Participant: 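Below are the structure tokens for one structure; questions will follow.
As the structure is a prediction and not an experimental result, all values here were calculated from the model. Just so it is clear: chains get the letters A, B, ... in the order the sequence lines come, proteins before strands, and each one is counted from 1.
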Protein chains: 2
Amino acid sequence: MDLQNSASVYQLPTPDQCAAALMDTIHPIMQFMRTEMRSQREASLSVPQFRVLAFLRRHPESSLSEVAEHLGVTRATASTMVDRLVQRGLVDRSADPEERRHVRLQLTQTGSEDLERMRQATRQKIAKLLSDLSPEELGFVSQGLTCLSQVFQDATVSEP
Amino acid sequence: MDLQNSASVYQLPTPDQCAAALMDTIHPIMQFMRTEMRSQREASLSVPQFRVLAFLRRHPESSLSEVAEHLGVTRATASTMVDRLVQRGLVDRSADPEERRHVRLQLTQTGSEDLERMRQATRQKIAKLLSDLSPEELGFVSQGLTCLSQVFQDATVSEP
DNA sequence: CACTAACAGTTAGTTATACTAACTAATTAA
DNA sequence: TTAATTAGTTAGTATAACTAACTGTTAGTG
């Protein structure tokens, strides 16, 4: 088959082997991202904080519950996290006049800028590491990630 | 090229694109693993706890500093974490008679069993998700992970 | 219409992770 | 032998996460 030609001799992996590889590989990647985000001079963010801001960038005017659901945490946790971001001036929290139970969350100017700086800095650091790979290897990474992305999309939410 | 044949029409990605994909994809995966490990009936473990046990499985008789370095945390953090695992009866901590500054850490019987149960349960849950993929897709995942593993191996440790 | 359900958000209290700083004890180097 | 380095612990702080208990707000039902 083409697959074996294009990547030298290569034994097709079982789902179990892939799972094991994933469990081993994911930690150093997380570690790297965490360290990068924490080490930014100004605007150091934790990974969860980054995720809140990134979600609000893609979904402006979100409610707290929407943030909580996306992060996979309780509303209590999201509330506290958002509170810190509001205090740091990165997020604006206001009452929704339509549904007064809801709060409307959106990035402030600062929040938007800090997020973008962080996103680019982290992406570039990772990209620099990845530039050691050959074009073919980059292709594998890209396609592998696409598959994983599909598989894990809504995997966690499913169980009640 | 073979690459384009074997995966239909596919534009080669830049390192930057791969980095962006990685940043997006890694969170749902982590989420899933965290939820799985936390939801085990008996022997619920956090991800960091799991990593400590997994390291001690591969490196018995390790010192605290070795654990700390592998996890990428300070000795203070490692000390506290190990302390909890000792209290839970999963890890045995004893003085090293050779070097009396060191402590010798190793899994207890319970720790070893709990770890193995957790490893297999989590791996199977992930494998089940991955079994939706075609053999070719599994190949991409596997090879992509291999590349990422190489790249991120010692990426974090480097900076002083 | 009133009363109850359900929903959204917050607060309090607890546990775990992680940090720095300050400390003790042990080993190595000057 | 004193000084410096190394290993580990402890104290104090911040963040993240949970459950449980609470206040409002909206929707449903008799």
Participant: Find the distance B:His102:NE2 to D:dT6:C1' and express it as a whole number of Å.
Facilitator: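 Rounded to whole Å, this separation is 8 Å.
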Participant: In whole angstroms, how far is the P atom of D:dT26 from the CZ atom of A:Arg100?
Facilitator: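 Spelled out: CZ on A:Arg100 to P on D:dT26 is 5 Å.
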Participant: So does B:Met81 get a backbone contact from the side chain of B:Gln49, meaning a donor-acceptor N/O pair under 3.5 Å?
Facilitator: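 Absent.
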Participant: Could you tell me how far apart A:Glu98 (CD) and D:dT26 (C1') are, to the nearest whole angstrom?
Facilitator: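 These atoms are roughly 14 Å apart.
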Participant: Has A:Thr108 got a side-chain atom pairing as donor or acceptor with A:Leu90's backbone, closer than 3.5 angstrom?
Facilitator: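 Yes.
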Participant: For A:Ala19 versus B:Ala127, what's the shortest heavy-atom pair and its separation?
Facilitator: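 Minimum heavy-atom separation between A:Ala19 and B:Ala127: CB-N, 3.8 Å.
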Participant: Examine distances only and state if a side-chain atom of A:Ser44 and a backbone atom of A:Gln40 form a donor-acceptor pair shorter than 3.5 Å.
Facilitator: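 Here the side-chain-to-backbone pair does not exist.
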Participant: Expected output is a numbered-order residue list: members of residues 105-112 of chain A with a heavy atom under 4.0 Å from any atom of DNA chain C. What is it?
Facilitator: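 Heavy-atom cutoff 4.0 Å gives no residues at all.
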Participant: Both A:Leu71 and A:Glu99 contact DNA chain D. Which one's nearest nucleotide lies toward the 5' end?
Facilitator: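 This one resolves to A:Leu71.
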Participant: So which of residues 77-93 of chain A are in contact with DNA chain C, with a heavy-atom cut-off of under 4.0 Å?
Facilitator: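 Those residues are A:Ser79, A:Arg93.
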Participant: Specify the separation, in whole Å, of atom CZ of A:Arg75 and atom P of D:dT25.
Facilitator: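 It works out to 16 Å between those atoms.
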Participant: Can you tell me the distance, in whole Å, between the CD atom of A:Glu69 and the C1' atom of D:dA17?
Facilitator: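 My rounded result for the distance is 17 Å.
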Participant: Is there a donor-acceptor pair closer than 3.5 Å between any side-chain N or O of A:Thr122 and the backbone N or O of A:Met118?
Facilitator: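 Here the side-chain-to-backbone pair exists.
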Participant: Quiz question: by atom type and distance under 3.5 Å, do the side chains of A:Thr74 and A:Thr77 form a donor-acceptor pair?
Facilitator: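 Yes - a donor-acceptor pair under 3.5 Å links their side chains.
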Participant: Out of B:Thr25, B:Leu129, B:Leu22, which one pairs with A:Leu148 under the side chain to side chain contact (heavy atoms under 4.5 Å, CB included) rule?
Facilitator: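 Only one option passes, and that is B:Thr25.
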Participant: Please list, in 5' to 3' order, the outermost nucleotides of DNA chain C lying under 4.0 Å from any heavy atom of chain B.
Facilitator: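 Range of nucleotides within reach of chain B: C:dA16 to C:dT27.
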Participant: Can you tell me if A:Ser142 uses its side chain to pair, donor with acceptor, with the backbone of B:Cys18 under 3.5 Å?
Facilitator: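 Not confirmed, A:Ser142 side chain does not pair with B:Cys18 backbone.
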Participant: Which way is the base of C:dA22 turned, syn or anti, if we draw the line at 90° from 0?
Facilitator: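 Anti conformation for C:dA22.
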Participant: Between B:Arg75 and B:Glu69 (salt bridge meaning N to carboxylate O under 4.0 Å), is one present in this structure?
Facilitator: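 A salt bridge is absent here (no side-chain N lies under 4.0 Å from a carboxylate O).
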Participant: Donor-acceptor pair, distance only, cut-off 3.5 Å: does the side chain of A:Gln150 make one with the backbone of A:Cys147?
Facilitator: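 Not a single qualifying donor-acceptor pair exists.
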Participant: Using purine N1 to pyrimidine N3 plus N6-O4 or O6-N4 for Watson-Crick, or N1-O2 and O6-N3 for G-U wobble, each under 3.5 Å, what pairs with C:dT14?
Facilitator: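 For C:dT14, the partner nucleotide comes out as D:dA17, under the 3.5 Å rule.
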Participant: Give A:Thr74 one of three labels, base, sugar-phosphate or nothing, depending on what nucleic acid heavy atoms sit under 4.0 Å from its own.
Facilitator: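 Base: the residue A:Thr74, judged by heavy atoms under 4.0 Å, touches a nucleobase.
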Participant: Heavy atoms from C-beta onward define the side chain here; which of D:dA27, D:dT9, D:dA16 lies closest to that of A:Arg101?
Facilitator: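 From the listed options, D:dA27 comes nearest.
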Participant: With both distances under 3.5 angstrom, what nucleotide forms a Watson-Crick or G-U wobble pair with D:dT25?
Facilitator: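 Pair assignment: D:dT25 / C:dA6.
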Participant: Any donor and acceptor pair, going by atom type alone, linking the side chain of A:Glu116 with main-chain N or O of A:Glu113 inside 3.5 Å?
Facilitator: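 Not at all, since once roles are kept as given, no pair shorter than 3.5 Å links the two residues.
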